[in-house]
Amino acid sequence: FTVLHFLFYTLFKTMWLNFLFIMICANTLYALISLVVLVEKAPLVTWMGWVYFCLEIIILLLLVRFEIEWFKRFKYS
């Protein structure tokens with residue numbers, strides 16, 4: 001996703017706000033899918049797996065929060 005952020009910014013500077021919205025949706029969807037799969041496969045996941053996936057989901061949600069703040073800031077400015 002970081003590569004996509006960079007590509008969207010460099011290739012589509014005029015429409016980057018639209019692509020930021022797409023990335024917000026994609027990151028949110030990825031976090032939700034990860035959470036669903038984690039809960040579905042809970043009996044098979046070790047404690048290290050839980051730590052890894054929980055940290056991944058937290059990082060993704062923080063990224064989404066940051067993206068939403070930027071989206072709001074530039075959409076209404």
Side-chain angles (χ1 to χ4, degrees):
F1 284 114
T2 303
V3 173
L4 287 176
H5 282 99
F6 179 74
L7 285 175
F8 285 162
Y9 179 75
T10 57
L11 298 176
F12 305 105
K13 288 183 181 178
T14 58
M15 298 176 22
W16 74 276
L17 199 58
N18 295 334
F19 291 104
L20 180 60
F21 181 74
I22 292 170
M23 292 308 299
I24 291 169
C25 294
N27 285 332
T28 304
L29 183 62
Y30 182 75
L32 290 174
I33 289 171
S34 295
L35 184 61
V36 168
V37 170
L38 181 63
V39 170
E40 183 178 291
K41 302 291 183 182
L44 303 174
V45 181
T46 65
W47 71 270
M48 289 177 63
W50 278 99
V51 170
Y52 172 81
F53 283 109
C54 288
L55 287 174
E56 179 185 36
I57 291 169
I58 289 169
I59 291 169
L60 274 170
L61 293 176
L62 288 172
L63 176 63
V64 168
R65 181 178 169 207
F66 177 73
E67 290 171 338
I68 289 171
E69 289 175 10
W70 274 93
F71 183 79
K72 287 180 181 177
R73 181 179 297 162
F74 288 104
K75 182 176 181 181
Y76 299 118
S77 63

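What you see below is based on every heavy atom in this structure, not just the backbone, and it leaves out hydrogens, waters and symmetry mates. We count residues from 1, following the sequence as given. Treat the numbers as computed from the prediction; the structure is a model and nothing was measured.
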Practice task
With sequence neighbours excluded, tell me which residues meet side-chain contact (heavy atoms from CB on, under 4.5 Å) with Ile33.
Solution key: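 With sequence neighbours excluded, Ile33 shows a side-chain contact (heavy atoms from CB on, under 4.5 Å) to Leu29, Val37, given in chain and number order.
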Would you name the heavy atoms of [X] and [Y] that are closest together and state the gap between them?
X: Thr28; Y: Ile24; answer: OG1-O, 2.7 Å
X: Val64; Y: Asn27; answer: CG2-CB, 3.5 Å
X: Leu17; Y: Lys75; answer: CD2-CA, 3.7 Å

Exercise for the section: Measure the acute angle between the ring planes of Trp70 and Phe66, then classify it against the limits of 30° and 60° as parallel, tilted or perpendicular. Expected result: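 If you compare the ring of Trp70 with that of Phe66, the planes turn out perpendicular.
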Handout entry: Between CD on residue Glu67 and CZ on residue Phe71, distance to nearest 0.5 Å
Key =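 Glu67 CD to Phe71 CZ: 11.0 Å, rounded to 0.5 Å.
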Exercise for the section: Mind checking the CD1-CZ spacing from Ile68 to Phe21? Nearest 0.5 Å is all I need. Expected result: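 Result: 9.0 Å between the selected atoms.
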Practice task
Would you check, one step at a time, whether the test salt bridge (charged side-chain N to carboxylate O under 4.0 Å, His left out) holds for Arg73 with Glu69?
Solution key: CA-CA 6 Å; Arg73 181 179 297 162; Glu69 289 175 10; 5.4 Å; no
Problem - Single-linkage hydrophobic cluster Met48~Leu55, side-chain heavy atoms < 4.5 angstrom - result: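 Result: yes, single cluster for both.
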Problem - ILVMFWY network linking Tyr30 to Leu32, side-chain heavy atoms under 4.5 angstrom - result: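 No, because Tyr30 and Leu32 fall into different hydrophobic clusters, even though each may have its own neighbours under 4.5 Å.
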Problem - Remaining members of hydrophobic cluster (4.5 Å side-chain criterion), Ile59 - result: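 Its cluster partners, ordered by chain and number, are none at all.
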Handout entry: Among Ile57, Leu61, Leu60, side chain to side chain contact (heavy atoms under 4.5 Å, CB included) partner for Leu35
Key =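 Of the listed residues Ile57, Leu61, Leu60, the side chain to side chain contact (heavy atoms under 4.5 Å, CB included) partner of Leu35 is Ile57.
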